[in-house]
Amino acid sequence: MRIFLAGIMQGSRQSASLYPQDYRERLTKILNEHFPDVEVYDPFANHPTSLHYTDEEGKKVFLGHNALCGEMDVIIAFLPEASMGTAIEIWEGWKHGAVVVTVSPMTSNWVVRFLGTRNYETLEELEGAIRDGSLRDVVLRSCCK
């Protein structure tokens with residue numbers, strides 16, 4: 001199973017600064033522990049200095065990641081607040097049939113409501129679903145209709 005770890009990087013920040021990215025390592029670790037057959041793609045782990053890329057390099061990475069979302073089995077999107085890039089990643093995954101799992105308190109947001117297969121309001125709630133096997137059930141039920 002291939003999972004794209006989407007999520008907020010800059011959010012609504014107007015400066016070249018990042019939202020804390022520690023959630024990525026945390027999710028990758030627990031996914032690897034509970035899904036032995038998983039391949040997690042973390043765009044930040046592969047491009048930690050992307051804020052300093054040239055426009056040409058940044059555009060190539062941005063469009064490449066969006067295309068990659070269309071090839072994944074699952075998109076897990078961490079959205080404690082709005083993120084335009086993550087919304088596009090969700091759209092690309094959804095449009096191509098991926099299971100879209102969101103982690104967001106924004107339960108009335110249309111991207112979360114209409115494109116997500118399942119939303120967990122907190123990271124801890126998602127981690128519980130990974131540990132107890134209910135996330136695996138959501139993925140299998142959604143991908144194997």
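Because only heavy atoms are used, hydrogens play no part in the values below, and waters and symmetry mates are left out as well, while side chains stay in.
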At their closest point, which heavy atom of [X] faces which heavy atom of [Y], and how far apart are they?
X: Arg24; Y: Ala6; value: NH2-C, 4.2 Å
X: Phe114; Y: Trp94; value: O-NE1, 4.1 Å
X: Pro43; Y: Phe4; value: CG-CZ, 3.6 Å
X: Ser104; Y: Asn119; value: O-ND2, 2.9 Å
X: His34; Y: Ile130; value: CB-CG2, 3.6 Å

Judged by atom type as modelled, is there a donor-acceptor pair below 3.5 Å linking the side chain of [X] to the main-chain atoms of [Y]?
X: Thr49; Y: His52; result: no
X: Gln21; Y: Ile8; result: yes
X: Thr102; Y: Ala77; result: no
X: Glu92; Y: Ile88; result: no

Single-linkage hydrophobic cluster, 4.5 Å side-chain cutoff, [X] and [Y] together:
X: Val103; Y: Val40; value: yes
X: Tyr120; Y: Val111; value: no
X: Val38; Y: Val101; value: yes
X: Leu115; Y: Met106; value: yes
X: Leu79; Y: Tyr23; value: no

Are the charged groups of Lys29 and Glu33 less than 4.0 angstrom apart, N to O?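 So Lys29 pairs with Glu33 through a salt bridge.
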From [X] atom [atom1] to [Y] atom [atom2], the distance as rounded to the nearest 0.5 Å:
X: Leu5; Y: Arg26; atom1: CG; atom2: CZ; result: 12.0 Å
X: Thr117; Y: Arg141; atom1: OG1; atom2: CZ; result: 10.0 Å
X: Leu126; Y: Ile30; atom1: CG; atom2: CD1; result: 7.5 Å
X: Ser50; Y: Phe44; atom1: OG; atom2: CZ; result: 7.0 Å

Among residues two or more places apart or on two chains, list those pairs meeting salt bridge (Lys or Arg N to Asp or Glu O under 4.0 Å) that have a residue in residues 130-140.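 Matches after skipping sequence neighbours: none remain.
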Could you tabulate the donor-acceptor pairs under 3.5 Å formed by side-chain atoms of residues 64-76, not counting sequence neighbours?
from	atom 1	to	atom 2	distance (Å)
His65	NE2	Tyr41	OH	2.9
Asn66	ND2	Phe62	O	3.2
Asp73	OD2	Arg2	N	2.7

Would you say [atom1] of [X] has more than 12 non-hydrogen atoms from neighbouring residues, nucleotides or ligands within 6.0 angstrom?
X: Glu25; atom1: CD; value: no
X: Asp55; atom1: CG; value: no
X: Glu124; atom1: CD; value: yes

Should Trp91 and Val100 count as side-chain neighbours, where that means a heavy-atom distance under 4.5 Å?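 Of all side-chain heavy-atom pairs linking Val100 with Trp91, none is under 4.5 Å.
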Non-hydrogen side-chain atoms of Leu27 and Leu123 separated by less than 4.5 Å: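 Yes. Closest side-chain heavy atoms under 4.5 Å.
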Would you check if there is a donor-acceptor pair between the side chains of Thr28 and Asp42 at a distance under 3.5 Å?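 Result is no, nothing qualifies.
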May I have the step-by-step check of salt bridge (Lys or Arg N to Asp or Glu O under 4.0 Å) for Lys60 and Glu57, ending in yes or no? CA-CA 5 Å; Lys60 179 180 176 185; Glu57 186 177 14; over 6 Å; no
For Tyr53, give me all partners under ring-ring contact (aromatic ring centres under 6.0 Å, His included), at least two apart in sequence or on another chain.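 Tyr53 satisfies ring-ring contact (aromatic ring centres under 6.0 Å, His included) with His47 once adjacent residues are dropped.
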